[in-house]
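Indexing begins at 1, ligand by ligand and atom by atom, following the structure's order. In what follows, every heavy atom counts, from backbone to side chain, and hydrogens, waters and symmetry copies are set aside.
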Amino acid sequence: MMHTKRVVVSTQVTAEDATVRYAAALLRAGELVAFPTETVYGLGADGLSEAAARAVYTAKGRPSDNPLILHVDGREMLTGVAAQVSTLEERLIHDFWPGPLTLVFPKTAAVPESVTGGGDTVAVRSPRHPVALALIRAAGVPIAAPSANRSGRPSPTTAEMVCHDLTGRIALVLDAGPCTVGVESTVAACSDGRITIYRPGAVTAEMLSAYGPVTLDPALSGAGIPKAPGMKYRHYSPRVPVTIWQGDGAAVARSLKAHYRGDCGYFVSRETAALLPPEAHTFIWGARADCQAMAHGLYAALTVLEQLPITEIYAEGVAARELGAAIMNRLAKAAGYHIKEVK
Ligand code: TXA
Ligand code: MG
């Protein structure tokens with residue numbers, strides 16, 4: 001078993017700092033390094049190396065037809081991997097990078113097949129996290145990075161979650177504390193001035209609609225084969241079944257109270273938790289209207305709750321608009337689309 005080193009880094013780091021240079025040297029030598037981004041932790045490999053990218057699939061236990069996202073430190077590095085960038089894409093890059101927006105481009109010959117799953121497009125984003133940006137800059141190459149979890153586990157939002165899944169399988173974990181956003185980036189593609197969302201994230205359909213007509217990949221609502229291959233795989237489902245209680249917030253809270261069970265874990269807002277008995281197994285995300293707090297807590301809540309002596313998880317749903325669309329996309333998968341409508 002490989003020894004996995006975990007090093008704490010400050011969010012003030014630069015590409016010149018010793019730890020970052022050490023991590024970059026490991027990457028250039030073909031090793032795997034987990035690092036924080038603003039969304040979730042990534043499992044990084046040299047994005048221009050066929051062998052390094054292939055090692056990512058082995059470490060994660062991931063199907064090799066599911067392509068990886070290349071992480072760049074800005075627009076300039078994109079030129080080496082994207083064969084074409086449209087005017088619309090330039091505008092989106094200008095306004096949303098660095099940030100949680102991944103765009104799909106026709107790839108250049110420099111991008112290895114193991115990154116794209118053999119396809120002729122490549123997904124690229126520039127992360128907003130200072131540690132991620134410093135690492136890419138120090139490596140001098142795009143970093144291929146899926147979320148740093150074993151296939152079928154939740155995306156890690158802390159270094160502890162990364163270590164739980166990948167200790168013994170990778171060289172290094174850079175630990176800069178919890179990720180701020182908590183759900184993976186928006187994946188989108190542009191064509192003829194239109195934007196198609198393959199995976200909803202913190203750059204929302206509402207935000208993107210200021211730039212052109214936005215459509216959701218129909219597969220997101222269950223029709224056909226998804227354009228982002230990763231969306232077709234079974235995603236994380238906790239040890240116990242999850243049910244989403246969807247509807248008006250106050251009505252959901254009353255309903256959860258009326259159906260209270262001591263052997264249930266609850267992922268709920270503060271307002272709903274106030275109606276449950278004090279001994280209830282709750283993970284409270286914050287105020288009901290605070291979708292950012294809900295996204296931030298989502299993956300941790302599921303992994304924490306499943307370790308409690310419970311037989312089911314009840315999650316309070318939110319409206320699937322803006323950031324709520326990304327949250328409900330992930331939560332519905334964890335729940336196997338088991339959603340109870342509350343009137
Ligand atoms: O926030 C994120 O995007 C995180 C952090 C680490 O940056 N990364 C992440 O990677 O979530 P991963 O591998 O777990 O998810 C990548 C998603 C998958 O659904 C994959 O199918 C899709 O992006 N994807 C990658 N390349 C694609 C391509 N060329 N065309 C369509 N979808 C693509
Ligand atoms: Mg993932």
Side-chain angles (χ1 to χ4, degrees), residues 32-45 47 53 56-57 59-73 81-83 96-108 111-129 131-133 135-136 142-157 161-162 165-166 173-174 176 179-191 196-203 217 219-220 225-236 295 298-299 326 329-330 333-334:
L32 304 181
V33 174
F35 64 96
T37 81
E38 77 279 29
T39 58
V40 300
Y41 274 75
L43 173 57
V56 166
Y57 293 94
K60 274 185 69 103
R62 171 171 170 138
S64 60
D65 68 336
N66 188 8
L68 308 176
I69 293 174
L70 286 184
H71 295 67
V72 296
D73 65 356
V81 294
F96 293 104
W97 281 13
L101 177 64
T102 298
L103 293 170
V104 177
F105 302 94
K107 79 174 196 78
T108 64
V111 182
E113 280 200 1
S114 49
V115 166
T116 64
D120 50 15
T121 58
V122 63
V124 188
R125 84 177 187 102
S126 186
R128 194 163 56 209
H129 199 291
V131 174
L133 286 172
L135 183 62
I136 302 162
I143 298 181
S147 49
N149 51 283
R150 293 283 289 275
S151 208
R153 297 273 314 150
S155 293
T157 51
M161 289 168 80
V162 176
D165 274 23
L166 297 174
V173 180
L174 293 178
C179 302
T180 49
V181 176
V183 292
E184 306 86 339
S185 64
T186 306
V187 179
C190 300
S191 149
T196 307
I197 295 180
Y198 296 165
R199 179 175 75 180
V203 172
D217 181 357
L220 288 175
I225 297 163
K227 290 287 192 328
M231 303 298 281
K232 74 173 181 268
Y233 290 105
R234 194 186 67 82
H235 266 247
Y236 174 59
L298 175 65
Y299 288 127
N329 169 263
R330 310 308 192 276
K333 283 184 180 178

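The protein heavy atom nearest to atom 15 (O) of ligand 1 is Arg199 NH1, 3.1 Å. Considering only non-hydrogen protein atoms, atom 6 (C) of ligand 1 sits nearest to Gly42 CA, 3.5 Å. The closest protein non-hydrogen atom to atom 23 (O) of ligand 1 is Val187 CG2, 3.8 Å. For atom 9 (C) of ligand 1, the closest non-hydrogen atom of the protein is Ser147 N, 3.7 Å. With respect to atom 31 (C) of ligand 1, the closest heavy atom belonging to the protein is Lys227 O, 3.3 Å. The protein non-hydrogen atom at the shortest distance from atom 3 (O) of ligand 1 is Ser185 OG, 2.6 Å. Shortest contact from atom 22 (C) of ligand 1 to any protein heavy atom: Ala228 CB, 3.8 Å. Shortest contact from atom 21 (O) of ligand 1 to any protein heavy atom: Gly230 N, 2.6 Å.
The line from OG1 of Thr157 to CG of Asn149 is 10.5 Å long, rounded to the nearest 0.5 Å. Note that CZ of Phe96 and OG1 of Thr186 are 9.0 Å apart. Values are rounded to the nearest 0.5 Å. Distance check, rounded to the nearest 0.5 Å: OG1 of Thr180 to CZ of Arg128 gives 6.5 Å. We find the CZ-CG distance between Arg330 and Leu298 to be 8.5 Å, quoted to the nearest 0.5 Å. Separating the CG atom in Leu166 from the NZ atom in Lys60 is a distance of 7.5 Å, to the nearest 0.5 Å. Considering CD1 of Ile197 and OG1 of Thr102, their distance stands at 12.0 Å, rounded to 0.5 Å.
Listed by number with element, the atoms of ligand 1 under 4.0 Å from a non-hydrogen atom of Arg62 are 12 (P), 13 (O), 14 (O). Those atoms of ligand 1 that come under 4.0 Å of a heavy atom in Ala123, given as number and element, are 25 (C), 26 (N), 27 (C), 29 (N). Every atom of ligand 1 is numbered from 1 in the order shown, and the set under 4.0 Å from a heavy atom of Thr39 is 1 (O), 2 (C), 4 (C), 5 (C). Near His71, meaning under 4.0 Å from any of its heavy atoms, are these atoms of ligand 1: 5 (C), 6 (C), 7 (O).
Of the charged side-chain nitrogens involved, at least one lies within less than 4.0 Å of a carboxylate oxygen, so that Glu38 and Arg125 count as a salt-bridged pair.
Here the side chains of Tyr41 and Met161 are not in contact, with every heavy-atom distance at 4.5 Å or above. The shortest distance between side-chain heavy atoms of Pro200 and Leu220 falls below 4.5 Å. Looking only at side-chain heavy atoms (C-beta outward), Ser114 and Ser64 stay at 4.5 Å or farther from each other. Considering only heavy atoms from C-beta on, Ile136 stays 4.5 Å or farther from Phe35 through its side chain. A heavy-atom distance below 4.5 Å is found between the side chains of Tyr57 and Leu68.
If you look at Thr121 next to ligand 1, the close heavy atoms, those under 4.0 Å, come from the backbone and the side chain alike. Within the 4.0 Å heavy-atom criterion, neither part of Lys60 lies near ligand 1. If you look at Asn66 next to ligand 1, the close heavy atoms, those under 4.0 Å, all belong to the side chain.
For atom 33 (C) of ligand 1, the nearest non-hydrogen atom from the set Pro146, Pro67, Pro36 belongs to Pro67. Taking only non-hydrogen atoms, the option from Val40, Val104, Val122, Asp217 nearest to atom 30 (N) of ligand 1 is Val104.
Excluding waters, the set of protein N/O/S atoms under 2.8 Å from the Mg ion (ligand 2) reads Ser147 OG.
Using 4.0 Å as the threshold, Arg125 has a heavy atom nearer than that to some atom of ligand 1. For Pro127, the heavy-atom gap to ligand 1 stays at 4.0 angstrom or more. Ligand 1 has at least one atom lying under 4.0 Å from a heavy atom of Ala145. For the ligand labelled ligand 1, residue Ile69 lies inside the 4.0 Å heavy-atom shell.
Counting all heavy atoms, side chain and backbone alike, Pro127 lies closest to Val72 at CD-O, 3.5 Å. Residues Ala59 and Arg150 approach most closely at O-CD, 3.6 Å, considering heavy atoms.
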Run the side chain to side chain donor-acceptor pair (under 3.5 Å) test on Thr39 and Ser185 for me, step by step, so that the C-alpha distance in whole Å, both residues' side-chain angles and the decisive distance to 0.1 Å come before the verdict.
CA-CA 6 Å; Thr39 58; Ser185 64; 5.8 Å; no
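Here the rule is side-chain contact (heavy atoms from CB on, under 4.5 Å) with Pro146, and of Asn66, Val56, Ile69 only Val56 fits it.
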